[in-house]
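The next block holds one structure in the form of structure tokens; read it before the comments.
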Number of protein chains: 2
Amino acid sequence: MPKAARNIGLRDVARVAGVSTATVSRAMNNPETVSEELRARIASVVDHLGWVPHGAARALATRRTGTIGAVFPTLTHGDFARAIQALQHELSKSGYTLLLACSEYNPKQEYEQVRKLIERGVDAIVLVGEAHHPDVSGLIQKNNIPHVNTFVYNPETHGTCVGPDNRKALYKLTNYLIELGHRSFGIVAQTAENNDRAQARLDGVRDALAEKSIAIQPRHFAQGHWGINEGRQLFRRILESKPWPTAVLCGNAYLSVGAVLESQAMGIKVPEDMSIVGYDDIEMMSELPVPITTVRVLSDEVGRRTARLLVAKIENKPIGLDLECDAEIVVRKSSGPAKA
Amino acid sequence: MPKAARNIGLRDVARVAGVSTATVSRAMNNPETVSEELRARIASVVDHLGWVPHGAARALATRRTGTIGAVFPTLTHGDFARAIQALQHELSKSGYTLLLACSEYNPKQEYEQVRKLIERGVDAIVLVGEAHHPDVSGLIQKNNIPHVNTFVYNPETHGTCVGPDNRKALYKLTNYLIELGHRSFGIVAQTAENNDRAQARLDGVRDALAEKSIAIQPRHFAQGHWGINEGRQLFRRILESKPWPTAVLCGNAYLSVGAVLESQAMGIKVPEDMSIVGYDDIEMMSELPVPITTVRVLSDEVGRRTARLLVAKIENKPIGLDLECDAEIVVRKSSGPAKA
DNA sequence: TTGTAAGCGTTATCAT
DNA sequence: ATGATAACGCTTACAA
């Protein structure tokens, strides 16, 4: 147990200022209901004593903590990091603070984190994706906590999600390649395990191909996680035997960077011999010798809108906000017409 | 104001289980002091009622929140993100949660964030660097909160910092280049404004050069922030007029990637015509066609050790831990002997 | 406009 | 081993 150093409290301020505790409290939270004179006197005492209100006590009394909980799969992906930063920035404008946790793509861990966050009394919860541990939604419901699923948009669950429509995005991207004449595709996919967004993107590709009766050969399909080196390996595996696909779709930014770097190392001409496209837009993709065609989602925008949506929910205000974020195809040099 | 839905509380559990509130509390926090029978009965009631303890109330009673506050300049730099993730992971093992804020390299904002964190009752605080707003240390001291400065190591402030010795790291790196015969240096520096680590690194370079009476020509010194594109521009600016330096030191990973990509675009042979080195090690640096020599700091390790140090401080345990993190020079193809 | 006093949901100190 | 009960520091009816 820590020392018993009685700290400065509201009562001390009240005593020194010669007013009641209620007045000090009001002076802090509803200044307009306190006479100017007292307000000034109290302010100076607060300053002089260096009093910092005790959040837990306030939380206990108001039943609100001013704290928002977020569980992200990882913080090291640039898009999540940007979203978190924007989320944090926007929330702090409204006086909220971010309580951050990390699930490491593990649903059980996500559940535990959510539980902990609720215990900490968060006023709302932010998650990524719509696929969660079966008990998560029950937990959130039971405690009656506003929540938002990010990086997904699903018309059927409107109002609870903010992000791009992953399926639609890759449906569009695939059709763009089909229009360029491509008929043979390779996929360097991000594993869809515990990742409904990756799954949705894969579905988008498959839907688009199915409409043209194009099938993907098993040997042209490779799955991995994340990382330039992994992208290289998977890309190489797809090209193990000929004939090669004329277009390769990559599941995320880093996989696509790896694929393009490997293609260069192998002496493949991109896009003349082969088109390579990615998902997500990180700076590197436009700076490489062969800039990479990709889908750009403004992650900061996801974060910002999530923040606004949350605040609206917490404060029971109307949601005047478009919850579907654009997923724009950015055409760069790595894609072109299919080789004749 | 939110609805008044009286929630399930400790008293409800006590009532249903037919014991006192004190016993329930004990059963939760010191199970060994409660008879097996009651413990089981209480556990089942807790489960059945779906009771989640109220953190704020607990915090009010114990004067501890189980929450650690951290203020980082940004979350989008890979090294910070990794450190935060490791920090979070390690802290959660000991039952702590991370309250995260972002200063955006703005000291005043950092101060505000620290203040807010203290108000939220954090048990300890994590900052980056040792240069803070003048009032920060007073605030922390006054509230008697354990704190750690990360990504710095300074023997003079031992026990309050965890990280690499930035000055020493670049002193070593510079000497490595000097030993390769380089005498004319260019610097693509990270601006040192509000960034004592960048300053320390710059000092390391200058100290090493000064020992050999080497001066840097003003036109060979460029300063920027972060980003591949910025690295390109600054690199190009340094090469505006001849003679060129034979070695270019870059202030961070992205600046060095930009420099190397630009050197390739300009047809400069690296390392034959020029050596280029960076600081920090991100995956891309080893995957580029010309892998980049750099200084590797294990940011996860910084995060992990910070967590352990904090927990030790909070719980008044001895610190059995090396607080200086290695900064290892990783030699790759981008550096070599100076051109004759 | 200001003061009084009853909570808010736990923990911890006493007794028993 | 268990129970009563006083904190913990603030907010907020309700009274004045």
Side-chain angles (χ1 to χ4, degrees), chain A residues 1-42 45-46 49-67 95 118-121 123 143, chain B residues 1-42 45-46 49-67 95 118-121 123 143:
Chain A
M1 300 301 104
K3 68 217 56 132
R6 258 284 278 97
N7 269 308
I8 294 158
L10 177 50
R11 325 147 92 94
D12 302 296
V13 177
R15 191 169 30 73
V16 174
V19 299
S20 75
T21 59
T23 302
V24 176
S25 178
R26 278 189 292 254
M28 301 304 293
N29 305 313
N30 302 81
E32 69 279 8
T33 67
V34 172
S35 72
E36 185 144 354
E37 189 211 332
L38 284 190
R39 209 188 313 158
R41 192 153 91 224
I42 291 172
V45 174
V46 166
L49 261 47
W51 173 61
V52 177
H54 192 294
R58 184 213 296 274
L60 186 55
T62 59
R63 310 179 74 18
R64 295 152 106 283
T65 57
T67 268
I118 292 180
E119 198 167 325
R120 297 272 190 264
D123 295 339
N143 290 78
Chain B
M1 299 300 105
K3 68 219 54 141
R6 256 284 277 99
N7 269 308
I8 295 156
L10 178 50
R11 325 147 91 94
D12 302 296
V13 177
R15 191 169 30 73
V16 175
V19 299
S20 75
T21 60
T23 303
V24 176
S25 179
R26 276 189 293 253
M28 302 304 294
N29 304 313
N30 302 81
E32 69 280 5
T33 69
V34 172
S35 73
E36 184 145 352
E37 189 211 330
L38 284 190
R39 209 188 311 157
R41 193 154 88 223
I42 291 171
V45 174
V46 166
L49 260 48
W51 172 62
V52 177
H54 193 294
R58 185 212 296 274
L60 186 55
T62 58
R63 309 179 74 20
R64 296 154 102 282
T65 57
T67 268
I118 292 179
E119 197 167 327
R120 297 275 190 262
D123 294 339
N143 290 78

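Order of the sequence lines fixes the chain letters, A, B, ..., with proteins taken first and strands second; residue numbering starts at 1 for each chain.
The distance from atom CG of B:Leu49 to atom P of C:dG9 is 14 Å, rounded to the nearest whole Å. One can place CD1 of A:Ile8 at 15 Å from P of D:dC8, the figure rounded to the nearest angstrom. Taking atom CZ of residue A:Arg41 and atom P of nucleotide C:dT2, one finds them 9 Å apart after rounding to whole Å.
Of the possible donor and acceptor atoms, none in the side chain of B:Arg58 sits under 3.5 Å from a partner among the backbone N and O of A:Glu119. B:Arg39 places a side-chain N or O within donor-acceptor distance of the main-chain N or O of B:Pro31, the cut-off being under 3.5 Å.
Between D:dC10, C:dG3, D:dT2, one nucleotide has an atom nearer to the side chain of A:Leu10 than all others, and that is D:dC10. When the nucleotides D:dT12, C:dT10, C:dC8 are ranked by their closest atom to the side chain of A:Ala61, C:dC8 comes out on top. Listed nucleotides: D:dT12, C:dG9, C:dA12. Nearest to the side chain of A:Leu60: C:dG9. Of the candidate nucleotides C:dC8, D:dC10, C:dT10, C:dC8 has the atom lying nearest to any side-chain atom of A:Arg63.
Proximity of A:Leu38 to A:Arg26: side-chain heavy atoms (C-beta onward) are nowhere separated by under 4.5 Å. A heavy-atom distance below 4.5 Å is found between the side chains of B:Thr67 and A:Arg120.
In this structure, B:Ser35 reaches the sugar-phosphate backbone alone: every heavy-atom distance under 4.0 Å involves primed, P, OP1 or OP2 atoms, never a base.
The phosphate of D:dC8 (OP1 or OP2) has no side-chain N or O of B:Arg64 nearer than 4.0 angstrom. OP1 or OP2 of C:dT11 has at least one side-chain nitrogen or oxygen of B:Ser25 nearer than 4.0 Å.
Of the residues near DNA chain C, B:Ala22 and A:Ala22, the one whose nearest nucleotide (by heavy atom distance) lies more toward the 5' end is A:Ala22. Along DNA chain D, the nucleotide nearest A:Thr23 and the nucleotide nearest A:Ala57 are compared for position; the residue whose nucleotide lies closer to the 5' end is A:Ala57.
A donor-acceptor contact under 3.5 Å links the side chain of B:Arg26 to the base of D:dG3.
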